[in-house]
Undergrad: 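Below are the structure tokens for one structure; questions will follow.
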Amino acid sequence: MFELLALLAVLAAGAAVLGVFVAACMAVKFALKLVLLPVKLLLLPVLAIVAIVKLGVLFAVGAAFVAVIAAVVIPIVIVVAIVAVPVAIIAALT
């Protein structure tokens with residue numbers, strides 16, 4: 001019976017230590033968030049500029065991609081039209 005009582009005491013002590021550890025971790029986390037808040041507020045404009053530049057680059061890359069696709073597709077359409085129009089005229093006459 002003494003062993004069960006000792007086991008219960010060890011488990012209770014472990015739970016208390018774990019609770020204190022979790023509370024200490026939460027206190028450290030809150031303190032760090034509070035200390036780093038000014039840095040976060042200072043870096044928000046930089047983050048906004050980075051986001052705007054990123055959107056601009058994505059837009060430019062997208063526009064270039066569309067231009068490349070158009071530069072490839074338009075000549076193919078012209079060649080197909082040059083070949084298809086006489087065939088269509090001949091097919092319409094027969």
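The structure presented is a predicted model; accordingly, all values stated were derived computationally and were not measured.
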Undergrad: Do Leu41 and Val35 share a hydrophobic cluster (ILVMFWY, side-chain heavy atoms under 4.5 Å, transitive)?
TA: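 As far as the 4.5 Å side-chain criterion goes, Val35 and Leu41 are not connected within one cluster.
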Undergrad: In Å, rounded to the nearest 0.5 Å, how long is the span from CG of Leu43 to CD1 of Ile49?
TA: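 Answer for the CG-CD1 pair, Leu43 versus Ile49, is 11.0 Å.
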Undergrad: Report yes or no: do Val10 and Leu18 belong to one cluster of Ile/Leu/Val/Met/Phe/Trp/Tyr joined by side chain heavy-atom distances under 4.5 Å?
TA: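 Val10 does not cluster with Leu18.
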Undergrad: Check whether Val73 and Phe65 end up in the same hydrophobic cluster, where Ile, Leu, Val, Met, Phe, Trp and Tyr are linked by side-chain heavy atoms less than 4.5 Å apart.
TA: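 Shared cluster, yes.
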Undergrad: Measure across Pro75 and Ala70 and return the closest heavy-atom pair with its distance rounded to 0.1 Å.
TA: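 Shortest heavy-atom separation between Pro75 and Ala70 comes out as CD-O, 4.1 Å.
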Undergrad: What are the two closest heavy atoms between Pro86 and Ala81, and how far apart are they?
TA: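 Here Pro86 and Ala81 meet closest at CD-O, 4.4 Å.
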Undergrad: Against Ile74, only a single residue in Ile78, Ile76, Val72 fulfils side-chain contact (heavy atoms from CB on, under 4.5 Å); can you say which?
TA: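 In the set Ile78, Ile76, Val72, the residue that makes a side-chain contact (heavy atoms from CB on, under 4.5 Å) with Ile74 is Ile78.
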Undergrad: Answer yes if Phe2 and Leu11 sit in the same cluster of Ile, Leu, Val, Met, Phe, Trp and Tyr residues linked by side chain heavy atoms under 4.5 Å apart, and no otherwise.
TA: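 No, separate clusters.
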Undergrad: Rounded to the nearest 0.5 Å, how far apart are CG of Leu47 and CD1 of Ile52?
TA: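 Rounded to the nearest 0.5 Å, the CG-CD1 separation comes to 10.0 Å.
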Undergrad: Give the C-alpha distance, both sets of side-chain angles, the deciding distance and a yes or no for side-chain contact (heavy atoms from CB on, under 4.5 Å) between Leu5 and Met1.
TA: CA-CA 6 Å; Leu5 187 60; Met1 193 68 180; over 6 Å; no
